Amino acid sequence: MRYSDADHRLLSALRDCGAQPRVAAVARAFSFAGEHGAVWLAGGALAAAVDRERCAGWLRGAVVVAGAHLVSMGVKRVVRRPRPTAREPLVRTAGRHSFPSSHATSAAAATVAYGALRPAGARLVPPLAAAMCVSRLVVGVHYPSDVLAGALLGAATARLGAGWVGSSQSPDGSQLLGSPPPLDRPQPPGRPRLPARPPLRTAGAPA
């Protein structure tokens with residue numbers, strides 16, 4: 001079986017799942033939430049407001065997600081692969097080009113960027129990102145290869161920005177090497193100074 005045949009067959013199988021009203025409703029909701037990476041950007045902003053300790057990291061992660069999305073849009077303009085037309089899609093799309101999936105790109109970028117900031121992010125983001133990727137196949141607007149390429153692109157872009165996202169703090173919340181210490185951190189005491197000896201008194205000297 002050729003790769004393109006497998007691409008079409010898998011898309012057809014997942015698109016068939018959209019015939020169930022509940023599955024279609026969930027897939028539509030995920031697709032709508034992931035348009036232009038909106039859910040991931042909003043999640044980063046919300047986490048920054050709640051998690052003040054890593055506020056800068058969450059905001060930088062959101063910037064990385066937005067950057068990954070923009071990269072995927074640029075690749076689309078170069079490749080110009082048409083969207084699937086064999087079945088009627090369940091949602092409207094913002095553009096005509098299919099490769100790569102920008103939804104998958106931003107979802108994978110959020111998985112890498114946010115997952116490194118808190119253990120909760122590492123647990124919650126990956127399943128939501130996976131559901132986001134599958135939803136694009138269920139609604140019938142991407143081929144599986146579009147989603148795979150988008151996920152790889154998003155993960156790679158976020159890896160490039162991982163050092164910047166975590167540059168302000170280490171995973172345990174302490175300052176990284178080379179960062180200036182906080183103003184309220186007590187400095188380590190130096191070597192204690194011994195008290196000066198009193199001068200020796202000689203015999204016959206006045207007291």
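This one's a predicted model, so the numbers in the text were calculated from it and none came from an experiment.
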Heavy-atom side-chain contact between Val26 and Ser135 under 4.5 Å: no
salt_bridge(Arg81, Asp7) N-O dist < 4.0 Å: yes
From CA spacing to verdict: side-chain contact (heavy atoms from CB on, under 4.5 Å), Leu124, Tyr114: CA-CA 10 Å; Leu124 296 177; Tyr114 297 157; over 6 Å; no
Which atom of Ala109 lies closest to which atom of Ala158, heavy atoms considered: O-CB, 3.6 Å
Min side-chain heavy-atom separation Arg96-Lys76 under 4.5 Å: no
Reported CD-to-SG distance for the pair Gln20 and Cys17, which is rounded to 0.5 angstrom: 6.5 Å
Spatial distance of atom CG (Leu137) from atom OG (Ser12) [nearest 0.5 Å]: 11.5 Å
Ion pair Arg92/Glu35, N-O distance below 4.0 Å: no
Smallest separation among heavy atoms of Ser106 and Gly37, with atom names: OG-CA, 3.8 Å
Arg80 (side chain) donor-acceptor with Arg77 (main chain) under 3.5 angstrom: yes
Minimum side-chain heavy-atom gap Arg83-His97 below 4.5 Å: no
Least distance between heavy atoms, Tyr143 atom then Pro82 atom: CE1-O, 3.8 Å
Single-linkage hydrophobic cluster Leu70~Val75, side-chain heavy atoms < 4.5 angstrom: no
Single-linkage hydrophobic cluster Val147~Leu10, side-chain heavy atoms < 4.5 angstrom: yes
Within-4.5 Å side-chain heavy-atom neighbours: Phe30 and Val39: no
Among Ser72, Ser101, Ser98, the one residue meeting side chain to side chain donor-acceptor pair (under 3.5 Å) with Asp146: Ser98
Worked verdict on Val138 versus Val23 for side-chain contact (heavy atoms from CB on, under 4.5 Å): CA-CA 8 Å; Val138 173; Val23 175; 4.0 Å; yes
Any Val141 side-chain heavy atom under 4.5 Å of His103 side chain: no
Spacing of Phe99 atom CZ and Leu148 atom CG [to the nearest 0.5 Å]: 8.5 Å
Sub-4.5 Å side-chain heavy-atom contact between Trp58 and Leu117: yes
Verify same cluster id: Val79, Val71 (apolar side-chain graph, 4.5 Å): yes
Same cluster (ILVMFWY, side-chain, under 4.5 Å), Leu46 and Leu128: no
Value rounded to 0.5 Å, distance of NE2 in His69 from CG in Leu153: 11.5 Å
Student check: side-chain heavy atoms of Thr111 and Met132 closer than 4.5 Å: no
Heavy-atom pair with the smallest gap, counting every atom of Gly115 and Ala122: O-CB, 3.5 Å
Separation of Leu41 CG from Leu59 CG (nearest 0.5 Å): 11.0 Å
Close side-chain approach of Arg15 to Val139, heavy-atom, < 4.5 Å: no
Euclidean distance, Thr157 OG1 relative to Leu152 CG, rounded to 0.5 Å: 10.5 Å
In one Ile/Leu/Val/Met/Phe/Trp/Tyr side-chain cluster, 4.5 Å: Leu14, Leu11: yes
For Ala155 against Ala108, the heavy-atom pair lying closest together: N-CB, 3.8 Å
Heavy-atom neighbours of Arg159 CZ exceed 12 at 6.0 Å: no
